[in-house]
Amino acid sequence: MGKYDFRSIEKKWQQQWKVNRTFVAEKLSDKPKYYVLDMFPYPSGAGLHVGHPLGYIATDIVTRFKRLKGFNVLHPMGFDAFGLPAEQYAIKTGIHPAEITAQNIKRYLEQMENLGFHYDPDALLATSYPNYYKWTQWIFVKLFDHWYDKNLEKARPISELKDIFATQGNTRLVAATSQKSSFSADQWRSFSPKDQADILMNYRLAYLANATVNWCPALGTVLANEEVKDGKSERGGYPVERRLMKQWMLRITAYSDRLLDSLQQLDWSESMKAMQTHWIGRSEGASIVYQVDGVKDTIEVFTTRPDTLFGNTFMVLAPEHPLVEKITSDDQRNAVEEYVKWAKNRQEVDRIANTVKTGVFTGGFVLHPLTGDKLPIWIADYVVITYGTGAIMAVPAHDERDYEFAQKFDIPIVEVISGGDISQEAYLSKDGKMVRSDFLNGLKAYEAIPAIIQKLEEMGIGKKEVTYRQRDVIWSRQRYWGEPTPIYYKDGIAYSMEENELPLVLPDIDEYKPSETGEPPLSRATHWKTRPDGGEYDLNTMPGLAGSSWYFFRYPDAANDQQLVNPEIEKYWLPVDLYVGGTEHAVGHLIYSRFWTKFLYDLGCVSVQEPFKRLVNQGMIQGVSQLMYRHISTNEYVSADLIPENETDQYSLIHTDVNITRNQVMDIEAYRTWTKDTTAKFRLNEKGEFRTIPMVEKMSKSLYNTVNPDDICVQYGADTMRLYEMFLGPIEIAKPWNTDGITGVHTFLKRTWNLFYGENDEWLVTEENPTAEELKILHKTIKKVEEGIERLAFNTCVPAYMVFVKEIARLGCHKRAVLEPFLQILSPFAPHFCEELWQNLGHKASILHSISPDWEEKYITEEEIEYPVQINGKVRVRVAVAADAPVEEIEKTTLANEVVQQWLNGNAPKKIIVVPGRIVNIVV
RNA sequence: GCGGAUGUGGCGAAAUUGGUAGACGCGCCAGACUUAGGAUCUGGAGCCGCAAGGCGUGGGGGUUCGAGUCCCUUCAUCCGCACCA
């Protein structure tokens, strides 16, 4: 066996694990289960990203550890395979996206295996497989066939809604809906089938609607808000414009309250919960209806501060508000039209950067609902059409934005809450007293809120209202590489497909671009798009979010072709015990997954309301660039330590390749080879080194700071790589990818190997019984590592291993009884290494199948209760000491600690519990 | 502006409920072995100081016998959202 030959060891065990199907979980079992999940990757052509392994190593460690502790562990892997890059590659090359995707998946799996990750092959899935997306489509059909009952807080079948309409109309119904008008049962029965279908559409959880969408001309598709960053598409960075289009939407807003409420119980980071809370953006206030002066239209506003109603001096509409045209007076018409046009074309980026108030008077007026005063109606783009009603009651005295606007356009500012100085700024506090407010006068502002709402409700011109920032999500994409929408049209009415017709398989087409007339790519599938029964298929596909919103339910029972998941299996495995992935999915994937889970729960299809009990966000991996100083005039490269601080301005900083530097020392020959620049001049320091300057930046090829995980595996092995990545620091923290310290970890493995094999490869392990000291070292290590893994502080485990090896080596201990348990506890981190030695110790079965003894019980606490114990010349009390403990024993303690001093002076507490070096608890 | 997080040696970082701050690793210094070494082994070190000693967890204040840890305040950095009525 000889020296630690990681290359052959790792290859061998990776092969063994695969052949023996070591990682297959039992679908059902009496054993306790543990479900570990990584956010599945998009299989991109670039291969596994360097950021991926961090999370995957962590979950692999937990998997192996839990298995060792006797759990039935499911740790599956899959691929979020639909998406834009494969499609764009297909447009360029004509190669089918499925083919590219299959290649990339294969490559990913190979890379994963090289790091020692193995996943249940039976659970492997990809969102683009028809037997998977059959169920994505199935869920969509269910969403289409359900509406949301706000009284029961539950989704119900559309068939029940039809019954309700036929017997009582919609007047008493409390539902999540975009239906504005009401009708009686008689009216409902008199509607044409088409009219009925249009009304039902306003209740469906998946519905068609005209929506202002983010249209990306370059990609030829609409994008969800989450897919747009700073007015550009998240993928590709193309400009995005607002456009009104008929699109599929999902009524996620029906679930806003439930999504908000159950957030509290989750074991997620505060910032994650805060981001979701903010995204949902629930705010309570009132809606108030205003009569437009001179016409019979009304305008509804939403406000969180109805208490300030008497300070309302004007109204502002969003430029896109539907009533703008109607209320505009003739002499203002030109100005208004010009402003609307300007606001529409104003770039998103400009709006964000430039918050100076702009706007124009429409010439119209509303009547104040309580005083009857005529208030001017303005339009301004600081009011957005997508929030509330797209109209506000402006109260300049008590709102910063209204204040700024009123000042700029010289509109009266009327103080109705005293306590501030409205000549200087808006007064926002709710603690001031109401003034100039009729029946509210004298109340505190926060008391005035319920009072005025009650009044408005009595008058029938307003009511308590809750508004959300969250919008329904647009669920169609005019793309090819996605799930076809399982809907067809007949006589202008949309029908969902039956379960037995699914999956609606994505047809092959000869070109992946949108058609010449701007129709989605699926319009090219001429033989496909018309059904035998004459129905016409919807030509949209679903967004990437669709497949990733429920995949965690599929893994436990991935081959089931009868059900989305067998209920018994689902009940056993769900929820996911540990979910690991990046923060970037905070408001995208994670919120839609929670939404679909709640919907599937309403259907009775799954047993949980929350899919992910514990969520850990691994930090981003940054790059560490290496910079060289080059003299501005001579072009000589100078070692960084030779340049005095005050001369750095005579040099420019040039990026060099991080792979030819180590610990800020660059290999000059390698640089010359790399750049093919044989004439470059270098000035070295007195040790003959050329020093560089490190800088943390984004990891990027252009900065020459990318490091390929494969290279590290080749050089040091997967086990070293795994240990090192965990050693670097907490997984949640963003950290630079710096391989400088990796030798330390590698040396540790070599030293551990040397506990088993001597200098001349002789076997050192003995069968002697361990001493108390050796056992103490072992159990200290086990305890530290177990705690570290449980709280996912993997970085604390590696030092524990190192200390163990150091101390055991110092004792010259090579005893099986000490080394065997150590291998077990080390195996989650360095599995190949431990398997090999485990086998060499004479075990037939894999170390993964060895259930570890209940280590906890073997802690030798009994022996530790020697009291007092001498450490570093000081004497310390170790254990609980009764109040009546003999004084002479206590006097031996020389803790520099006043309590103990007092105690010795006779002021004895009833009970004092002391552990090495610290008093833990004093009960007086 | 709002929300969340983080500040500890030259660097990555430990310190689970307040109890010897800096474990462990990198780098650094010294030594050993080597033809050589970006190899291996042994030892050293928070900072200031020759020393005794003093100072030390972003800054200031507080609670406590005792604070990296708890409270108040302030500064800096990172992430998310951003005219949300």
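- Contact annotation for A:Thr386: no contact, since no heavy-atom pair falls under 4.0 Å across all strands.
- Atom CG in A:Leu428 sits about 17 Å away from atom P in B:rC83, given to the nearest Å.
- Residue A:Arg691 has its side chain nearest to B:rC28 when only B:rA15, B:rA85, B:rC28 are considered.
- A:Thr720 and A:His746 are linked by a side-chain donor-acceptor pair at a separation below 3.5 angstrom, with hydrogens and angles left out of the test.
- If you take OH of A:Tyr290 and C1' of B:rA85, they are 12 Å apart, rounded to a whole angstrom.
- If you check B:rG80 for Watson-Crick or wobble pairing at under 3.5 angstrom, you find it paired to B:rC2.
- Only the P atoms considered, B:rC81 is 39 Å distant from B:rG61, to the nearest whole Å.
- The 12-atom threshold is exceeded at CD of A:Glu584, counting heavy atoms of other residues, nucleotides or ligands nearer than 6.0 Å.
- Side-chain proximity of A:Arg662 to B:rG38, B:rG12, B:rC41: nearest is B:rG38.
- Using a 4.5 Å heavy-atom cutoff, the side chains of A:Tyr290 and A:Ile461 are not in contact.
- One interatomic measurement links the two molecules: CD1 of A:Ile693 to P of B:rC11, which rounds to 13 Å at whole-angstrom precision.
- Listed candidates were B:rG12, B:rA13, B:rU40. Nearest to the side chain of A:Thr747 is B:rU40.
- For the OP1/OP2 pair of B:rC11 and a distance below 4.0 Å, the side-chain nitrogens and oxygens of A:Asn738 include no atom meeting the criterion.
- B:rU40 atom C1' lies 8 Å from atom NZ of A:Lys750, rounded to whole Å.
- Whole-Å rounding puts the A:Phe690 CZ to B:rG38 C1' distance at 17 Å.
- A:Tyr387 pairs by the ring pair (Phe, Tyr, Trp, His ring centres under 6.0 Å) definition with nothing, not counting sequence neighbours.
- The nearest whole Å value for the distance from the CG atom in A:Leu263 to the P atom in B:rG3 is 17 Å.
- Here, B:rC83 and B:rA76 have their C1' atoms 28 Å apart, quoted to the whole Å.
- Counting only heavy atoms from C-beta outward, the side chains of A:Ile417 and A:His398 approach each other to under 4.5 Å.
- Only the C1' atoms considered, B:rA14 is 30 Å distant from B:rG3, to the nearest whole Å.
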Which atom pairs link the protein and nucleotides 4-8 of chain B when you take only N or O atoms and keep those under 3.5 Å?
| unit_1 | atom_1 | unit_2 | atom_2 | d |
| --- | --- | --- | --- | --- |
| B:rG4 | O2' | A:Ser271 | N | 3.1 |

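- What separates CD1 of A:Ile742 from P of B:rG38 is a distance of 19 Å, to the nearest Å.
- Residue contacts shown for A:Arg282 are absent, as no nucleic acid heavy atom lies under 4.0 Å away.
- Contact check for A:Arg469 versus A:Ile280: no side-chain heavy atoms found under the 4.5 Å cut-off.
- At a cut-off of 3.5 Å, with distance as the only test, no side-chain donor of A:Thr253 or A:Gln470 sits close to an acceptor on the other residue.
- Minimum atom distance to the side chain of A:Pro799 is reached by B:rC24, of the listed B:rC24, B:rA85, B:rG27.
- In textbook terms, a nucleotide whose glycosidic angle is within 90° of 0 is syn, and B:rG9 is one such case.
- Considering only the side chain of A:Leu728, B:rG12 comes nearest among B:rU42, B:rG12, B:rA14.
- B:rG9 sits 14 Å from B:rC48 when the C1' atoms are compared, rounded to a whole Å.
- Between B:rA23 and B:rA15, the two C1' atoms lie 8 Å apart (nearest whole Å).
- The gap from the P atom of B:rU20 to that of B:rG66 amounts to 15 Å, rounded to the nearest Å.
- Ring planes of A:Trp753 and A:Tyr757: parallel class, angle under 30° (limits at 30 and 60°).
- Between A:Leu317 atom CG and B:rC83 atom C1' the separation is 16 Å, expressed in whole Å.
- Of the candidates B:rC26, B:rU16, B:rA85, the closest approach to any side-chain atom of A:Arg791 belongs to B:rU16.
- Here the side chains of A:Trp674 and A:Thr656 are in contact, with some heavy-atom distance below 4.5 Å.
- Under a cutoff of 6.0 Å and an axis angle of 45°, A:Lys357 and A:Tyr382 form a cation-pi pair.
- The aromatic rings of A:Phe405 and A:Phe314 lie parallel to each other, with less than 30° between the two planes, well short of the 60° mark.
- Taking atom C1' in both B:rA39 and B:rU34, one finds a spacing of 10 Å when rounded to whole Å.
- The A:Tyr387 side chain lies nearest to B:rA85 when the options are B:rA85, B:rU16, B:rC24.
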Please enumerate all protein N or O atoms sitting under 3.5 Å from an N or O of nucleotides 75-81 of chain B, with distances to 0.1 Å.
| unit_1 | atom_1 | unit_2 | atom_2 | d |
| --- | --- | --- | --- | --- |
| B:rC81 | O2' | A:His278 | NE2 | 2.5 |

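- You'll find that the side chain of A:Asn795 is closest to B:rA14, out of B:rA14, B:rA85, B:rG12.
- Contact of the A:Gln626 side chain with the A:Val624 side chain is registered, since non-hydrogen atoms from C-beta on lie closer than 4.5 Å.
- Side-chain N/O atoms of A:Lys806 and base N/O atoms of B:rC24 include no donor-acceptor pair closer than 3.5 Å.
- Distance check on atom C1': B:rG22 versus B:rA45 gives 12 Å, rounded to whole Å.
- Comparing B:rC28, B:rU16, B:rC83 against the side chain of A:Asp381 picks out B:rC83 as the nearest.
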